[in-house]
Amino acid sequence: MPEIGVYSVKTRYTWTISMKLWLALTLLILIVLGGLGVTITWLFSDFYLQQKLDSLRTEATEISTQLANVYSWNERLSLLETFKLTSGTQMVLLDAQGNILVISSSNLNSSQALQGHISGYLGGFGGGLIGGWSRNLRPSDFFTNQYLAQVLSGKTISIKALPANGSGQTMLLAAAPVGTKPVQGVVLLGSSPIPLQESIATFRRLILYASLIAVLLATIVSLIFARQVTRPLALMQRGATRMAKGDFLPIQGVTSKDEIGELAEVLNCMGESLKNHMEWLSQERNLLQGIVESISDAVIMLSYEGVILYANDTAKTLWQENEVELSERKQQIIGFLLTMSTRENDGENYATMTLGLQVLQVVMAPMAETKGIGGHVAVLRDVTASLRMEKARREFLASVTHELRTPLHLIQGYLEAIQDAVIPKDQQGEYIELVLDEAKRLARLVQDLQDINWLERGQMLQLVPIDLKSFMNDLDQRFQGRAIELGLNLTVSQGFGELLADPDKLLQVFINLLDNAMSHTPYGKTVRVFQVEAQNEVRLAVQDEGEGIPKEALPYIFDRFFRVNKARSRKDGGMGLGLAIVRQIVEAHEGHVRVESDMGKGTTFWVVLPCKQSIERSEEK
């Protein structure tokens with residue numbers, strides 16, 4: 001039978017739910033905050049840049065409007081000293097030809113009047129760019145002739161410009177014309193974008209710090225969430241693993257009332273259901289196996305390829321002897337069953353096979369294929385005993401008929417010959433002796449049948465103490481003459497001790513055994529009768545040096561009407577009843593008889609009778 005509920009569970013994952021949850025939250029936060037930071041930085045950069053440019057434009061327009069209302073340059077220069085520029089803003093006042101009239105800054109206490117042309121600053125007037133924005137650079141360094149021409153045409157501009165040499169830090173510029181038609185001058189305001197960029201960088205750092213804090217919080221949340229979610233899942237996973245291995249104990253430790261708690265309850269219900277189902281299947285399997293094993297017939301399940309899928313203990317005894325497998329007998333059975341399975345018959349097949357001395361009646365039927373397993377089921381019934389009994393019954397009737405008819409015909413013929421005076425009177429005595437021998441033979445046959453019937457009906461034995469020394473001497477005297485006639489050496493050892501038994505029945509046991517031994521021992525060989533010392537029992541043996549008994553015949557040697565050599569038994573007038581009578585008498589004395597035989601060496605019959613129990617029974621009487 002296949003094993004139920006045993007599975008191998010392998011761990012195929014390296015990422016736990018906690019790790020996946022933490023990674024998901026971290027990626028979500030990083031993506032959201034990163035995208036938000038990039039978007040906000042981009043929007044704020046453009047917004048603040050445009051706002052700064054608009055502020056410079058407005059401031060430049062206001063200054064140019066106020067300067068335009070004053071017609072004298074001296075008054076305009078005096079008015080410039082009253083202006084308060086926005087922090088970080090520089091102002092340059094140019095005339096219509098681009099000459100610098102005034103340079104002013106929110107960081108200077110007074111204005112500086114410098115003479116020169118704007119082109120004089122294109123080579124880096126007042127210093128160069130070293131490592132980024134230099135405070136020595138002025139807005140005029142970024143204000144080219146093209147920008148000057150636009151402002152002189154009456155336009156107010158606001159731009160983000162590079163230095164005139166085309167490299168270095170940019171500057172935010174706003175230029176407005178002073179006066180109209182003609183333009184009398186240009187108000188140029190400039191501001192460095194570095195503070196704005198520093199603000200944006202600070203904002204980016206804030207987003208980075210917020211992201212790190214969010215990742216830390218995500219880790220803490222994932223751990224807390226994992227304890228609340230993944231711990232019950234881990235408990236259920238271990239519980240499911242136990243169930244896969246056949247342990248259906250309920251899952252403990254899941255107390256939540258949410259979906260996870262419901263899942264744990266469902267798993268527990270499923271485990272209980274599986275446990276009940278497995279118990280039911282186990283009971284059914286044990287019941288079926290018990291029925292199959294208790295059947296006295298052999299049951300074999302054979303695959304299409306000739307492989308034995310199942311065999312009960314009775315079947316195994318067909319090819320096992322003393323727990324040793326006899327492969328020849330097993331292959332003989334498999335070959336016979338495979339031959340039966342090839343017959344074109346959808347139903348049951350019937351056949352009879354011979355296995356040594358055993359005769360087996362075989363019934364085979366196809367087995368329904370289940371999960372790729374198919375074949376045939378065969379039931380082998382040992383009909384050897386019934387056939388042997390039937391055969392013995394027929395042989396018994398034939399033997400009795402023959403044994404009765406032959407001496408009766410002889411007796412009838414001799415008596416009729418004597419009556420008709422066919423036989424001379426001087427020879428009639430010899431024929432009367434023959435008639436007497438045949439009558440005695442008939443008497444022995446009838447007596448054997450009566451003995452068997454008497455023992456089978458369980459008649460009481462006449463138990464008396466028997467001196468084994470005298471009993472052995474009596475056997476020696478009885479059979480020594482016959483042994484000499486047959487040319488055999490009879491050796492009877494001296495007995496010792498006492499035995500409580502029926503003397504007539506015990507004597508009959510050894511008469512049958514010695515008759516059997518002398519009949520099967522060749523001329524010049526030895527027959528021995530001896531006693532072996534044993535505790536609480538008497539062991540007597542009859543040993544011959546005859547041809548021996550075949551090994552396969554030993555189990556049946558004490559059966560009624562069983563004859564190893566039927567031709568010889570019939571010649572000697574045997575009916576196969578002697579050893580059956582021996583066993584019945586010994587068992588009636590609560591003992592047992594066994595046989596040991598080697599082909600070509602001889603046979604030994606052991607008679608074992610209780611000694612101590614018999615003596616105690618005698619004392620009680």
Side-chain angles (χ1 to χ4, degrees), residues 1-21 224-305 307-317 320 323 337 341 346-348 363-381:
M1 293 290 179
E3 296 293 333
I4 299 177
V6 178
Y7 301 93
S8 177
V9 180
K10 297 182 179 179
T11 303
R12 296 183 293 271
Y13 55 84
T14 56
W15 288 77
T16 62
I17 294 178
S18 301
M19 295 174 65
K20 293 178 180 179
L21 180 61
I224 296 174
F225 191 71
R227 182 172 180 81
Q228 298 297 323
V229 176
T230 61
R231 180 177 174 273
L233 290 177
L235 292 174
M236 288 186 284
Q237 185 267 339
R238 287 194 291 269
T241 302
R242 291 199 311 270
M243 292 180 188
K245 295 179 180 179
D247 184 2
F248 299 102
L249 291 176
I251 300 172
Q252 303 290 340
V254 181
T255 58
S256 59
K257 303 299 181 181
D258 51 10
E259 291 84 353
I260 295 178
E262 293 179 359
L263 178 60
E265 292 181 2
V266 171
L267 285 176
N268 287 335
C269 293
M270 183 183 68
E272 185 67 22
S273 177
L274 285 175
K275 179 181 179 181
N276 296 333
H277 188 65
M278 287 298 181
E279 289 178 352
W280 178 79
L281 286 178
S282 179
Q283 292 174 358
E284 290 294 317
R285 186 188 68 172
N286 293 337
L287 178 61
L288 179 61
Q289 187 172 1
I291 293 174
V292 174
E293 292 295 340
S294 62
I295 293 177
S296 59
D297 299 336
V299 179
I300 298 176
M301 185 184 299
L302 193 71
S303 69
Y304 295 120
E305 295 78 17
V307 179
I308 295 179
L309 302 177
Y310 174 78
N312 63 354
D313 291 339
T314 307
K316 293 176 183 177
T317 57
Q320 287 183 355
E323 298 183 357
L337 295 180
S341 65
D346 295 335
E348 296 180 346
V363 181
M364 175 176 280
M367 179 179 62
E369 187 169 345
T370 304
K371 295 182 179 180
I373 300 176
H376 294 80
V377 177
V379 178
L380 295 80
R381 174 171 293 178

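What you see is a predicted model, and the numbers here were worked out from it, not measured in a lab.
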(request) Not counting sequence neighbours, which residues clear salt bridge (Lys or Arg N to Asp or Glu O under 4.0 Å) with Asp297? List them please. (result) Arg381

Give, for atom [atom1] of [X] and atom [atom2] of [Y], the distance between the pair rounded to the nearest 0.5 Å.
X	Y	atom1	atom2	result
Met270	Leu267	CE	CG	5.0 Å
Met278	Leu281	CE	CG	6.5 Å
Leu380	Thr314	CG	OG1	10.5 Å
Leu274	Cys269	CG	SG	11.0 Å

(request) Keeping the roles fixed (side chain from Asn268, backbone from Pro250), state whether a donor-acceptor pair exists under 3.5 Å. (result) no

(request) Determine, stepwise, if the pair Met236 / Leu263 fulfils side chain to side chain contact (heavy atoms under 4.5 Å, CB included). (result) CA-CA 9 Å; Met236 288 186 284; Leu263 178 60; 3.8 Å; yes

(request) Given side chain to side chain contact (heavy atoms under 4.5 Å, CB included), test Met364 with Leu337 step by step and report yes or no. (result) CA-CA 8 Å; Met364 175 176 280; Leu337 295 180; 3.6 Å; yes

(message) Per the ring pair (Phe, Tyr, Trp, His ring centres under 6.0 Å) rule, what does the pair list look like for residues 266-299, sequence neighbours excluded?
(response) His277-Trp280

(request) Apply the test side chain to side chain contact (heavy atoms under 4.5 Å, CB included) to residues Leu302 and Leu309: give CA-CA distance (whole Å), side-chain angles for both, the deciding distance (0.1 Å), then the verdict. (result) CA-CA 6 Å; Leu302 193 71; Leu309 302 177; over 6 Å; no

(message) Ignoring hydrogens, what is the shortest heavy-atom contact between Ala298 and Ala315? Give both atom names and the distance.
(response) CB-CA, 3.4 Å

(request) Measure across Asn312 and Val299 and return the closest heavy-atom pair with its distance rounded to 0.1 Å. (result) OD1-N, 3.1 Å

